[in-house]
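Counting convention: from 1, in listed order, for ligands and their atoms alike. Here the structure is a predicted model, which means the values were calculated and not measured.
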Amino acid sequence: MTRHLLEIDDLSSDEVATVLDLAREQRPRPVLAGRGMALVFEKPSNRTRNATEIAVVQLGGHPISIRDDEVGFGTRETAEDIARTLACYHAVIGARVRDHTDLERMTGALDAAGLSVPVVNLLSDRAHPCQALADLLTMEELFGGLRGRTLAWVGDANNVCRSLLLGGGLAGMRMRVASPSGFGLSAADADRVVSLGGDLELVDRPELAVEGADAVHTDVWVSMGQEADAAARRRAFEGFTVDEALMARAAPKAFVLHCLPAHRGEEIAASVVDGPQSAVWRQAENRLHAARGLLLWLVEAAS
Ligand code: CP
Ligand code: NVA
């Protein structure tokens, strides 16, 4: 059965550890020599597109990035037909989609046709597993290990948050999430994190989440596709800025993480994201290493 990565817990905790080990390999095998990866983007991307394209090049392959207007999910063609077509030419398909179910339709079509072409979620409304792999890699480097470490999430319990918490669960982390009412983690997602092995606490004030934490992670208040709700969201998230006063409550050597793009003065203060506790550039670089490790694993597991 072909392995896909639509959410990080499509991998077991041992498999996540293997992918992170592969991410650290300096001279990877050219497993994509003479082969391609299609990267379809229904939404903009800087880090994901560049990190994944270069990872493909480092594995000897050829990436082709495709914009939404070139494929037209559900308008020009169905998700199934897009996947079947790309599988004629590529060893791996990545997609950043508005609707997570389009990814499920793609994997469904490929699996039904018996095609061994893995699909990678490059961000959906529900999940961002490639980001979570890079975040775990970054924290492992910073802490020297993940089990028992405390991660605080401040802000919207969005796609990035969900994947990070699931990944943290697989790694046995302690996690605290502070979100305003109406923007928190669902009970089903919280149960899923705990069932994977995570120690999870949901709180309604940022100070409660950050107290003594080893790392503090945040993300934008307005995700791609939520622009119409921007004003209401900014009002709801007032008081949830990660600033120096909040960071003073974390562990003395705590790190600040942000998947980027950052909005200085909204979810994070400029003095924090650009300050000495910030690990956001290491995190951004690790998107490349994590993507390469993931592709190495997927291509070898899929062949
Ligand atoms: N963090 C991240 O996914 O960035 P991009 O949206 O620029 O790819
Ligand atoms: N939550 C953000 C992450 C961007 C990388 C979004 O979905 O737009």
Side-chain angles (χ1 to χ4, degrees), residues 5-8 23 37-56 63 65-68 73 94-103 120-139 153-167 177-180 182-186 189 215-230 232-234 236-237 240-242 256-264 266-268 273 278-292 294-295:
L5 187 80
L6 301 198
E7 181 50 290
I8 193 161
M37 176 171 179
L39 296 90
V40 185
F41 287 94
E42 276 200 293
K43 298 175 177 179
S45 173
N46 181 2
R47 281 146 290 273
T48 306
R49 176 179 171 184
N50 285 284
T52 314
E53 283 201 11
I54 297 302
V56 172
S65 287
I66 308 157
R67 290 196 323 263
D68 181 31
F73 268 94
R96 170 168 287 198
V97 296
R98 281 187 278 269
D99 182 350
H100 189 87
T101 60
D102 279 342
L103 293 166
V120 177
N121 179 359
L122 300 177
L123 181 145
S124 69
D125 52 333
R126 217 187 280 172
H128 199 0
C130 294
Q131 180 68 51
L133 286 171
D135 297 346
L136 294 178
L137 181 64
T138 305
M139 288 190 288
W153 177 276
V154 176
D156 195 9
N158 60 15
N159 45 5
V160 173
C161 173
R162 292 179 68 262
S163 294
L164 178 60
L165 297 178
L166 292 169
V177 181
S179 309
F183 299 91
L185 200 68
S186 71
D189 284 333
V216 178
H217 201 306
T218 190
D219 185 15
V220 293
W221 291 342
V222 183
S223 282
M224 292 180 276
Q226 298 173 335
E227 291 78 8
D229 302 328
R233 285 182 152 264
R234 288 196 179 100
F237 283 96
F240 281 75
T241 302
V242 176
V256 176
L257 300 167
H258 191 312
C259 55
L260 305 176
H263 293 90
R264 291 167 175 77
E266 286 194 19
E267 77 277 0
I268 194 158
V273 72
S278 175
V280 301
W281 298 116
R282 181 189 278 245
Q283 197 181 358
E285 180 184 331
N286 276 336
R287 291 297 309 276
L288 165 61
H289 306 308
R292 193 180 57 245
L294 173 68
L295 291 174

Polar proximity ligand 2 side, H128 side, N/O cut 3.5 Å exclusive = no

Atom 7 (O) of ligand 2 sits nearest the protein heavy atom N159 ND2, 2.8 Å

If we only count N/O pairs under 3.5 Å, is R96 in contact with ligand 2?
-> no

Just need the protein heavy atom nearest to atom 2 (C) of ligand 2, so name the residue and atom and give the distance.
-> S223 OG, 3.3 Å

Can you tell me how far the CE atom of M224 sits from the CD atom of E42, to the nearest 0.5 Å?
-> 11.5 Å

Taking only non-hydrogen atoms of V160 and a 4.0 Å limit, the atoms of ligand 2 in range are 3 (C)

Side chain to side chain contact (heavy atoms under 4.5 Å, CB included) between W153 and H217: does it pass, once the steps are laid out?
-> CA-CA 5 Å; W153 177 276; H217 201 306; 3.1 Å; yes

Of the non-hydrogen atoms in T138 and A279, which two are nearest, and what is the gap between them?
-> CG2-O, 4.5 Å

Where is the nearest protein heavy atom to atom 2 (C) of ligand 1: which residue, which atom, and how far?
-> R287 NH1, 3.4 Å

Just by distance, do the side chain of N286 and the backbone of H289 share a donor-acceptor pair under 3.5 Å?
-> no

So, is L260 polar-close to ligand 2, with some N/O to N/O distance under 3.5 Å?
-> no

Under 4.0 Å, heavy atoms only, figure out whether ligand 1 is touched by the backbone of Q131, its side chain, both or neither.
-> side chain

In the protein, what heavy atom is nearest to atom 3 (C) of ligand 2, and what distance, to one decimal place, separates them?
-> D219 OD2, 3.6 Å

re atom 4 (O) of ligand 1, the protein heavy-atom contact at minimum distance is R47 NE, 2.9 Å

Atom CG in L123, atom OG in S223: separation rounded to 0.5 Å?
-> 8.0 Å

Can you list the ligand 2 atoms lying under 4.0 Å from a non-hydrogen atom of N158?
-> 1 (N)

Here the pair of heavy atoms bringing S179 nearest to G155 is OG-O, 2.7 Å

Report yes or no: does H128 have a heavy atom closer than 4.0 Å to ligand 1?
-> yes

Could you tell me the residue and atom name of the protein heavy atom closest to atom 7 (O) of ligand 1, and the distance to it rounded to 0.1 Å?
-> N46 N, 2.7 Å

So which heavy atom in the protein is nearest atom 8 (O) of ligand 2, and how far is it from that ligand atom?
-> M224 N, 2.8 Å

Ligand 1 to C259, heavy atom cutoff 4.0 Å, flagged ligand atoms 1 (N)

Of R96, K43, E53, the one forming a side-chain hydrogen bond (donor to acceptor under 3.5 Å, both in side chains) with T48 is R96

Would you call T101 and R126 a side-chain contact if the rule is heavy atoms closer than 4.5 Å?
-> yes

Can you find an N or O of M224 that's nearer than 3.5 Å to an N or O of ligand 1?
-> no

Does ligand 1 have a heavy atom under 4.0 Å from the side chain of L260, from its backbone, from both, or from neither?
-> backbone

Considering distance alone, does some N or O of R96 sit under 3.5 Å from an N or O of ligand 1?
-> yes

N or O pair under 3.5 Å between L123 and ligand 1 | no

Note, R162 side chain near L185 side chain (heavy atom, < 4.5 Å) | yes

